[in-house]
Number of protein chains: 2
Amino acid sequence: MARSDDDGRLQAFKAEFFKALAHPLRIRILELLVVDDRSVLEIQRALGAEQPIVSQQLAVLRAKHIVRATKEGTTVRYAVADPEIRALLSAARRIFNNQLVGTRSMLRELARERRR
Amino acid sequence: MARSDDDGRLQAFKAEFFKALAHPLRIRILELLVVDDRSVLEIQRALGAEQPIVSQQLAVLRAKHIVRATKEGTTVRYAVADPEIRALLSAARRIFNNQLVGTRSMLRELARERRR
DNA sequence: CTACAATATATGAATATTCATATCCATGTC
DNA sequence: GACATGGATATGAATATTCATATATTGTAG
């Protein structure tokens with residue numbers, strides 16, 4: 001059974017979406033925003049990250065419509081664009097929990113792996 | 001409130017997980033495997049992709065414990081490692097569904113996919 | 001208008017991913 | 001053994017991401 005062109009484009013689109021989540025800082029930002037709206041400055045401070053870095057990563061999330069920004073005077077507040085994001089992150093959390101059960105060594109191994 | 005080191009490592013771990021999903025071919029493979037186990041050859045044929053490419057991308061999914069492989073004689077069968085993967089992919093599908101309002105070909109494809 | 005504060009974007013070097021080609025490994029068959 | 005089949009891995013060129021630095025933009029205060 002032949003696959004249509006549209007199918008290919010859809011999977012590419014989904015991949016783009018997951019790619020937007022595939023970054024430690026962006027995950028941390030999202031886990032903040034899932035709890036509540038925040039300004040860029042608040043995010044910066046919560047994460048201890050530099051301003052341009054935070055703005056850059058927010059731009060990535062914005063580009064994929066995962067968060068939305070609203071200007072309030074001189075500051076900009078960010079919020080998750082779709083409540084389903086919460087469902088997705090908690091499905092992810094459940095997977096991590098299953099995977100990490102009993103395996104302390106896994107985190108250690110990951111850390112070691114990244115060091116190279 | 002200070003963030004613990006483990007927290008940072010956990011977010012990195014989650015990012016690694018999403019990174020594994022962030023590829024069109026890997027998404028397509030997963031959507032096959034969510035339905036049923038398959039051998040490498042079956043995946044190759046279903047996707048019309050070359051053998052080394054499929055093996056390479058399967059290796060990525062294996063490395064992140066998203067799929068598991070079992071040898072059966074001369075062939076290897078792959079399956080999703082955790083049933084929660086299904087939940088995650090459908091949360092993702094719901095998000096795409098919300099987002100894609102207005103882009104026509106993708107909506108058509110989503111509808112077709114949901115019917116299965 | 002000047003100056004400052006909050007945020008965004010441009011640039012580019014360092015780094016990581018992707019995918020094609022070639023090669024290897026394991027198992028089964030003759 | 002020789003050979004075929006199903007899979008995995010090594011290599012490297014092309015491409016994409018990341019993050020720091022520098023520079024813009026926009027809104028507000030004085």
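Owing to the predicted nature of the structure, the values given are computational and were not obtained by experimental measurement. We name chains A, B, ... by the order of the sequence lines, and we start the count at 1 in each one.
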Atom CG of Leu58(B) and atom C1' of dC19(C): how far apart are they, to the nearest Å?
15 Å

Rounded to whole angstrom units, what separation is found between the CD1 atom of Ile43(B) and the C1' atom of dA8(D)?
14 Å

Below the 4.0 Å mark, does dT17(D) have OP1 or OP2 next to a side-chain nitrogen or oxygen of Gln57(A)?
no

Want to settle it: does Thr74(B) or Val60(A) sit nearer the 5' end of DNA chain D, counting the closest nucleotide to each?
Thr74(B)

Ile43(B) and Leu58(B): CA distance, side-chain angles, deciding distance, side chain to side chain contact (heavy atoms under 4.5 Å, CB included) verdict
CA-CA 10 Å; Ile43(B) 295 170; Leu58(B) 282 170; 4.2 Å; yes

Starting at CD of Gln56(B) and ending at P of dA20(C), how long is that distance when rounded to a whole Å?
9 Å

Please determine, for the side chain of Val40(A), which listed nucleotide (dT17(D), dT7(C), dC19(C)) has the closest atom?
dT7(C)

Among dC19(C), dT7(C), dT21(C), which is the nearest nucleotide to the side chain of Pro52(B)?
dT21(C)

Can we say Glu42(B) and Arg45(B) salt-bridge, meaning some charged N sits less than 4.0 Å from an Asp/Glu carboxylate O?
no

Base, sugar-phosphate, or nothing for Arg62(A), non-hydrogen atoms under 4.0 angstrom?
sugar-phosphate

Can you label the angle between the Phe18(B) ring and the Phe18(A) ring as parallel, tilted or perpendicular, going by 30° and 60°?
parallel

If you round to the nearest 0.5 Å, how far is OG of Ser90(B) from CD1 of Ile85(B)?
11.0 Å

Interatomic distance where CG belongs to Leu25(B) and P belongs to dA20(C) [whole Å]:
10 Å

Would the base of dA20(D) count as contacting Glu50(A) through its side chain, where contact means a donor and an acceptor less than 3.5 Å apart?
no

On the nucleotide dA8(D), are OP1 or OP2 found under 4.0 Å from the side-chain N or O atoms that Ser55(B) carries?
yes

Compare the minimum distances between each of dA22(D), dT7(C), dG7(D) and the side chain of Thr75(B), then state the nucleotide with the smallest one.
dG7(D)

For dA8(D), take OP1 and OP2 only and decide whether either is under 4.0 Å from a side-chain N or O of Tyr78(B).
yes

In whole Å, I'd like the distance from the NE2 atom of His23(A) to the C1' atom of dT17(C).
14 Å

Arg26(B), Arg93(B), Arg86(B), Arg38(B) screened by salt bridge (Lys or Arg N to Asp or Glu O under 4.0 Å) with Glu31(B), the one that passes:
Arg93(B)

If you check the Arg26(B) side chain, which of dA5(C), dT18(C), dA8(D) turns out closest?
dT18(C)

Side chain of Ile53(A) (C-beta onward), nearest among dA20(D), dT5(D), dT7(C)
dA20(D)

May I ask you to verify if any side-chain N or O of Arg77(A) is less than 4.0 angstrom from the OP1 or OP2 atom of dT7(C)?
no

Lys71(B) side chain near dG7(D) phosphate (N/O to OP1/OP2, under 4.0 Å)
no

Rounded interatomic separation in angstrom, taking CD from Gln44(A) and P from dA6(C):
9 Å

To the nearest angstrom, how far is Leu41(A) atom CG from dA8(C) atom P?
12 Å

Between dA10(C) atom C1' and Gln51(A) atom CD, what is the distance in whole Å?
14 Å

Rounded to the nearest 0.5 angstrom, the NE2-CD distance for His23(A) and Glu16(B) is 11.0 Å

